[in-house]
Structures are given as structure tokens and as C-alpha cells.
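Below, each value reflects all heavy atoms present in this structure, side chains not excepted, and no hydrogens, waters or symmetry copies. Sequence lines set the chain letters: A, B, ... in the order given, protein chains first and strands last, and positions in each chain run from 1.
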Amino acid sequence: MRRRFGTAGLDLLDTDPSESVTLSQAVQSSTEEGARPDLDGEAGVLFGAMTGSVVGLRYYTGVVNKREMVSLVREPHNPYDRNAVMVANVYGNQVGHIKKELAAPMAYIMDNNLAKIEGVVPYGKTNKFSMSVTLFFWGEEENRAAVTTKLNHCGFKSAKAPGSSLQEMLSKNLVAAVPLTAEQMKNSFDKMFDDLMADKTREMEAADAVFTPLLPHQKQALYWMAARENNDHLPPFWEQKGDLYVNVLTNFGVKQRPERVLGGILADDMGLGKTLTTIALIMSNFHDGRPLLLDKADQKASSSLLKRRRKDPIKTEKGSEPYGLNRHLVFTPLSDMDIFTTVFLGADSRISTARATLIICPLSVLSNWLDQFEQHVRFGENLSVYLYYGTERCRDHNFLSRQDVVLTTYNVLSADYGNKESSPLHKVSWLRVVLDEGHVVRNPNAQQTKAVLDLSSERRWILSGTPIQNSLKDLWVLMAFLKLKPFDVKEWWNRVIQRPVTQGDRESLKNLQALIKGITLRRTKTSKVAGKSVVELPQKKMFVQRVTLSEEERQEYDLAKTEGQKVIGRYVTEGTVLTNYADVLAILVRLRQICCHPGLLGSYARVSSAPSDLQERLISKIRLVLSCGSDEECAICLDSLRQPVITYCAHVFCRPCICEVIRSEQERAKCPLCRAHINTKELVEYPGDKETGTSTSGKEKWRSSSKVDALMGRLLQVHGEDPAVKSLVVSQFTRFLTLLETPLRQHGFTFTRLDGSMNQRSRVKAIAEFQDSSPSSPSIMLLSLTAGGVGLNLTAASRVFMMDPSWNPAAEDQCVDRCHRLGQTRDVIITKFIVKNSVEEDMMRIQLNKKELMEKTFGSKSVQDQRQSRIEEIKTMMAL
DNA sequence: ACCGCCGGGTGCC
DNA sequence: ACCGCCGGGTGCC
């Protein structure tokens, strides 16, 4: 019989050996069946349950219903008892306190993080002065003993056994008889975001002001979005019962109608036109389902402005105005003719206008938004779009609220939020807030997240092709942003959805699916509308071209490999692979570089001569990671590294990002990647690359490599077959891209380049040049694998040359999709160069395994496990 | 009576 | 709280 928790013997205090299942047996079986502790320590296993009492009800206003969930909050500064534990309902209103005798052990357990304690009130309402509460103790297995003994010592050994109603409750609501396997769960997740087409086929025409005709699936999205914004329904899982609005998951009830959720997630695949659809929404659903009222501009005036913008010399450095204009992108603002009055909301001094839409996006897609507004909004419509970016940005919130659209980046939003008093974005009540590439907001502790969650608006949208980036956890921030009560409070999300779902509870999974379904629209490139594909895209074909190293290269490779084997072999015998993980990765980077071009190796890349000083070792590691031009991203902000620092555990982040983590978690701060303890003193800076790198390569005699030769052969062939065909040449190593410039010039190719180090101005220029179809335009783009966001549109190219494999197959797919997207007219042919008998072949194989493995263990692999399996991979690769 | 008993005041932490 | 607990009033039958 498969049973996770027995219903009998669940009580912590049960001492009767004749019971069929004792607590320890029950919990043991639960761990055997793989109830894995959550990384955040938010879940773990159920130690048991007991009944306690809540007192002091009459002093507080918070009320609870039968079977309602309550939260238990420590009050260490309570003047009467430093052990005080407060009981609050789902909206955070205090209900009472835990009786002091019980509060004592609970305070100990909670303060020492031995268990998470959750409460459910079995019979609410009729209680006037005190009531009982069922307490559930969840924690890591290793803390079980400490929890039980503490409770026993405080005299809770012989407390009353739970009544039948508790047992019933456990068996019904909290225990899945047979938990889902990881594979079943993964399938359900896939399905969750796949099957969202049903009943979403009604179409809406865009307002006249939208110039570009919408495709059928875009009209459907527009209809759906407008309907979401105009809906008057109760949010998911809320029902009206008598004079109360009750949340059926938490059993929480309120008199006041819960806030409407006027928005959701537009999760269409990239290339389906999320940007255009959003623009159409802005233009077509202003108020009462009517279009945005615009002044007709003087045609001459606007056209001259438009021209000026196009010609404006773009004069700025990274970090300042990307367009040299901090004025209205399209036209002048409406003066004082707003049709809605400005309302002051008192203390909060937030100013409400119902006019402006705020759009927040990654820097990489900023220009895409501007372009699309210009492209899709009918010429002569007086739409005011203000680009809130650059040092000269206008910080007057009254001015901002009068715009039709304010466009900014996550970084600007977050920087403003840092000095909160002066953040104009947080003083406006927006008509609508749109998070583009919304999945980039997912770290609950990041300042960026707080800045996003603290925006004020009724209509809230998330645009993202991949709402779940890694695990279910990523969804919390999105739910919080959408103000889906009660899931905007993490405890309720964890308790009601995240934990039960990750532990395989079917009921909760169904709830999650229903929740997502209600607020998400998703179409993939293969989705059908009335039997016809939403998007007809040309074919995509992938070839692997195996490259044989020259004898000289082979010797160099083998030498490096033998050397690496020695070093890694030693770590393996010592069992210190984990502590030297960064060294190991460095060795692999070195081998991968030799496969591309021996010249990629700097003299500093000598890992084996490890300096004794930790500081120096870390510096050499960070330099190795960054100086080869590998376009690393910060795991916190997911953008390119700014002011890179390395932790003692050898992980690299932006200094501001990691400092924010340390600031918010104080001495409990842990490395976001490996959970090692970190503090501000133990951050080592990257001193910058002392060598002037690329300038030397020009002087030295040019030397080719087998892979370069293979590429040049292909490029010449492509050019010979059809000179109009353009190619992307992709590498993770920007220095490799630099090396490739020489042979490209030699062969007379015109090319352009796009990598993470370029400022916005030169990016825009590079993209525009490449996308241009005139005969003199560049036919090749040197592209760093992770440059730009998903919005990057390089449809001028139909050939892709992947120069080196990545650990992350998704990054490769995403890169290819920059040209294999709406607007592509040719079949896309991808050529991957892989060096025979090398680490590159191993990486290819591992990529395949990884895809399979991902399918089997969705979201259940810890960082530690992932590292462990990476070690196994490394051992195989190094033939150890 | 350094007790018992009565009945009013009172009540979380 | 239709309880417990506290502390003042009170004191044979």
C-alpha cells in the first residue's frame, strides 16, 4: 500500500504502540517516497500535528471561519512575553495569540528555524474568548528530534489526541494518497501552459489608430486582454457565500469584495507579436472598452519630428540617453486636456490619473518597443510615448502621468526605487502596468522585484514566453504582481500551491492549473486556430559539422587535457571537486577554447599554477571567466555583469545585486547559487583586464584554426550559392568573434557585430545595418550567444553558424529563434561546428541527456544535486 | 481566622 | 467566561 502519511498516529503525542501506523513510521514512509526538502527550507516533511489554543480573541478584529487557515507570526518584542506568537488570518488581521505555555516551545522552534508551523482552525466563528487551532509542523528531517523533544519537555507529551475531524481533514485535504511522480508532474506543467486556447477564440478589431492589420491570433489576444481588463468577476477561487466573499482554498472570508484582477499573463511564444498586441490593447481599450482618444496631430509637424528623430545623431554613452532624446518619442504631450481629473489620495500622496500605461522592459528590447510604436501607430495620431531613461529623464510625476505611455527598464525602475522618496514612477497610479519579459522578475529578494511589486495600477500585465523559467517558485513574484489574493503573500502561495504541488498533491496541482488557466493566454508557434497554424514559419534545419583538429592543434589540446586530468584527478581523489568547482570549470573553458582557436588562450589562463593566496586565486578565477569574453550573466539580475565580484565560494555576481541580497538577509545571507554563507567583506572585485587584448591580435601574424577554416569554407559556399543570404556567426566567446574579424576581412565579407559589451547606441546601429536589405549592407553578423533579449529580431539572416556548444541548450534555441521568427521568409539552416574527439562532443551528448533528465525530474533537482551530476559529467569527460 | 466559604471582579500576550 | 483565578469580606447555630 502506498501511503504517504498515515491518518492514524499522526499526532506528535501519540504514544500508543498498538496504533497501526506510528508517527515515525508515517513520516519515514513519506521521506522514502521522495518528499524532498525544499531549498528554501519552506517545505520539508510533515513531522506531525497537534492541537493548541488561541487566546485573547476579544481584543482583535480578525475573524476566522471553520477550517480556515491561519498564519503564526512571532512577536519577539511583545512587552508581556518575548515568546509571543501571534495568530493572523489570511489578510494578516490579528485573531489572537497562542497561549503562552505553548508559545514558549513554538517560539524556540520558530526562532531556530527547526520547523515551519502552520495553523488551521477547525471550528471558527462561535469562539468568543479562545479557540483551538490545529498546528502542523513541517521541517527538515534532521530537525525532527529537536522539535519533538522541545515540545515534550514543555509538557505537550500528553496533550489531547486530535479528534476525528482532524483525521478527516488530513486525509481529505492535506494528504495525497499517491503522490505524482516527477515525470507526471513535469507533464502536467507542460500541459498547464499548453492547453490554454479553449474558449479564447473570439476576436476583437484594433482601434483605427493601429496601423498594422492584426493577424487572427493577435485579434484573439486583443479580445482576451480587453475582456480581462473589463471583467467584473471575482478573482479565481473566490465565491460569494451569504454576505461574505470566501476563498475556497484557504476558507478565508471577508465582507469586502476582493480586488478584481484586471490583467494576466500573455505567454505567447516569441515571434507571435506580444508587443504589437499590447500596443493594440493600449490604443483600443482605454476606458469602458473604448479606444484611447487622441488629438490628430498636424501632419506636417509630426512628420518633421519623426524625420528628425530618425536622423538624430545618437550621441550617447552607455548609461545615458540611448537616443539622444529625452523628449517625446513620438509627439508632444497632451497639455491639460486630460479627460480624467487628478485625484490626491492623501497621506500616500499618490496621484491618480487614469491615463498613462507604464511599460517596463529589459534594456535590450527598449528600442524594439520604440520602433514598434512608431511602426504600428497610425501616422498623424498624437500618441505621447515618453522614454523614461537616461540621466536627464524627467522626474515630474505629474508630467509622467499625463503621457499615454511611459517606457522604462527594470534597472531604471529599480535604481529609482533605491531612493524611494524621489521615485516618480511610484507616485503615479498607472492606468496599466506592463512587464515585458516578465519572467526576469523572479528573485523575491531582489530590489528590482520590490520595485515592481510596489507599483500602483489596476490593470497589470506580464508578457513572457516562458513564465516558469526553472521551477514553480518563479511564479510567486508573478502572482504577487497580479495581486492574486491571497497568493501575493508568499506564505499562502507556499502553503496552498507551491509546497503541495512539488510534493505531488493532485488536488493542489489542479488548483494551480485552474489558476493559470484563468489568467493566461498562451499560443505556441504550432498552435492552431480553426485548424490552421497560428503562424506559418519556414522550416528550421540543423546540421552538425564535425571538425578535425590539425596535428598541431591536437597536440596542444591533448597537452591541456592531460594537465587538466591531473588537476581534476587530484580533486576527485581528495574529494574536493566541489570546493574547486571554479577551477574545474576553468579547465573546461580552456579546452573549449582550444577547440575554437588556440589564440583564445591568454597567458593568464594557467590554472594549474594556483597561487596560494585565496584572494589571488579568486581574482584569477574571475578573470578567467570574464576575460575570455564569455558573456557571463549575473544569476540575480540575469543581465550582463556590472561591477563583477566573486564570492569566496567562487560565484560571480554584480556587486549591487549580491550586496542587496546580503543587506536583506543580513548574517543569514547565503550564496544564491550554492547556499554557502556569504558576507560583504568576502567579495573579491574583478580588477579589470590589464591586457589590451584585441589590439595585439592585429599586429601579430594571423593564424587560422581548423574551425575557422571550416566556417570560412561554409561562408564562401553560401555566398557563392546566393549572395543575398545573410548569416549569423554565433559564439560564447566574444574574443573568438574578434579573432574571426581578420579572416572575414581577408575574404572581403562585410560584417557587423553584436555582443553584450556594446552600448545601446551601437547595438541599435548594428541591428539596423544588418536588417537593412540594400546590397551594401553587411551579410554577416558576429553574434555573442546571449547578447540581447528575446525581443532581438534578426530575421535578415537565414543561416546560423554555431561556433561552439553551450551547456545550456535553451540558450542555443533562443539564439536561433532570433532569426527563425515572424518575418522570416527563407528556411533557416543551422550549422553547429563540433570538434571530433573533444570536450565539445561530450557537451553535445550531455545536452541530450540533460533534456531527457529535465523531463524526468522537473523542478525537483536541488542545486547540490545538479552540481553533483555535473561532477559526474566532468569525470566522464576527462576520462577519470 | 496563619483557616474555609461566599460572591464580585475579572479575563491574551 | 454557563469557566478558573484573584483577593476582599467575613466568620456557630
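- Between the base of dC13(B) and the side chain of Asp81(A) there is no donor-acceptor pair shorter than 3.5 Å.
- A donor-acceptor pair under 3.5 Å is formed between the side chain of Arg460(A) and the backbone N or O of Ser457(A).
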Could you go through residues 256-263 of chain A and list every donor-acceptor pair under 3.5 Å that involves a side-chain atom there, pairing it with any protein atom two or more places apart or in another chain?
{"unit_1": "Arg257(A)", "atom_1": "NH2", "unit_2": "Asp232(A)", "atom_2": "O", "d": "2.7"}
{"unit_1": "Arg260(A)", "atom_1": "NH1", "unit_2": "Asp232(A)", "atom_2": "OD1", "d": "3.4"}

What nitrogen or oxygen pairs link the protein and nucleotides 8-10 of chain B at under 3.5 Å?
none

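- Residues satisfying the salt bridge (Lys or Arg N to Asp or Glu O under 4.0 Å) test with Arg82(A), not counting sequence neighbours, are none.
- As a whole-Å value, the separation of Met106(A) CE from dC13(B) P is 13 Å.
- Looking only at atom types and distance, the side chain of Ser456(A) has a donor-acceptor partner in the side chain of Ser429(A) under 3.5 Å away.
- Between the CG atom of Leu57(A) and the P atom of dA1(C) there is a distance of 13 Å, rounded to whole Å.
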I'd like a list of close polar pairs between nucleotides 2-4 of chain C and the protein, N/O only, cut-off under 3.5 Å.
none

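- Taking only distance into account, the side chain of Tyr59(A) never meets the base of dC13(B) through a donor-acceptor pair shorter than 3.5 Å.
- For the pair Arg82(A) CZ and dC13(B) C1', the computed distance is 13 Å after rounding to whole Å.
- Annotation: proximity of residues 89-102 of chain A to DNA chain B (heavy atom, distance under 4.0 Å) is found for His97(A), Ile98(A), Lys99(A), Lys100(A), numbered in ascending order.
- In this structure, Arg432(A) fails the cation-pi test against Trp461(A), since its NZ or CZ atom is not both closer than 6.0 Å to the six-membered ring centre and inside 45 degrees of the ring normal.
- Taking the C1' atom of each, dA1(C) and dC5(C) are spaced 12 Å apart, rounded to whole Å.
- In this structure, Tyr80(A) does not pack face-to-face on the six-membered ring of dC12(B), missing the 5.5 Å centre cutoff or the 30° plane limit.
- A donor-acceptor pair shorter than 3.5 Å can be found between the side chains of Glu75(A) and His97(A).
- Under the Watson-Crick or G-U wobble criterion, with both distances below 3.5 Å, dC3(B) is paired with dG11(C).
- With 3.5 Å as the limit, one finds a donor-acceptor pair spanning the side chains of Tyr417(A) and Asp454(A).
- Rounded to the nearest Å, the gap between the P atom of dG8(C) and that of dG4(C) is 23 Å.
- For the pair Lys128(A) NZ and dG11(B) C1', the computed distance is 14 Å after rounding to whole Å.
- Salt-bridge check for Lys116(A) with Glu140(A): failed, with every basic side-chain N at 4.0 Å or more from each acidic carboxylate O.
- Within a 6.0 Å sphere centred on NZ of Lys670(A), other residues, nucleotides and ligands contribute 12 heavy atoms or fewer.
- dC13(C) sits 23 Å from dG9(C) when the P atoms are compared, rounded to a whole Å.
- Of all heavy-atom pairs between Leu102(A) and Pro105(A), the closest is O-CD, 3.0 Å.
- Ring stacking holds between Phe129(A) and dA1(C), with the centres under 5.5 Å apart and the planes within 30 degrees of each other.
- Phe487(A) is linked by a ring pair (Phe, Tyr, Trp, His ring centres under 6.0 Å) to Trp493(A), counting only residues two or more places apart in sequence or in another chain.
- Ion pairing between a basic and an acidic side chain is recognised when a charged N comes within 4.0 Å of a carboxylate O; Glu665(A) and Arg668(A) show no such pairing.
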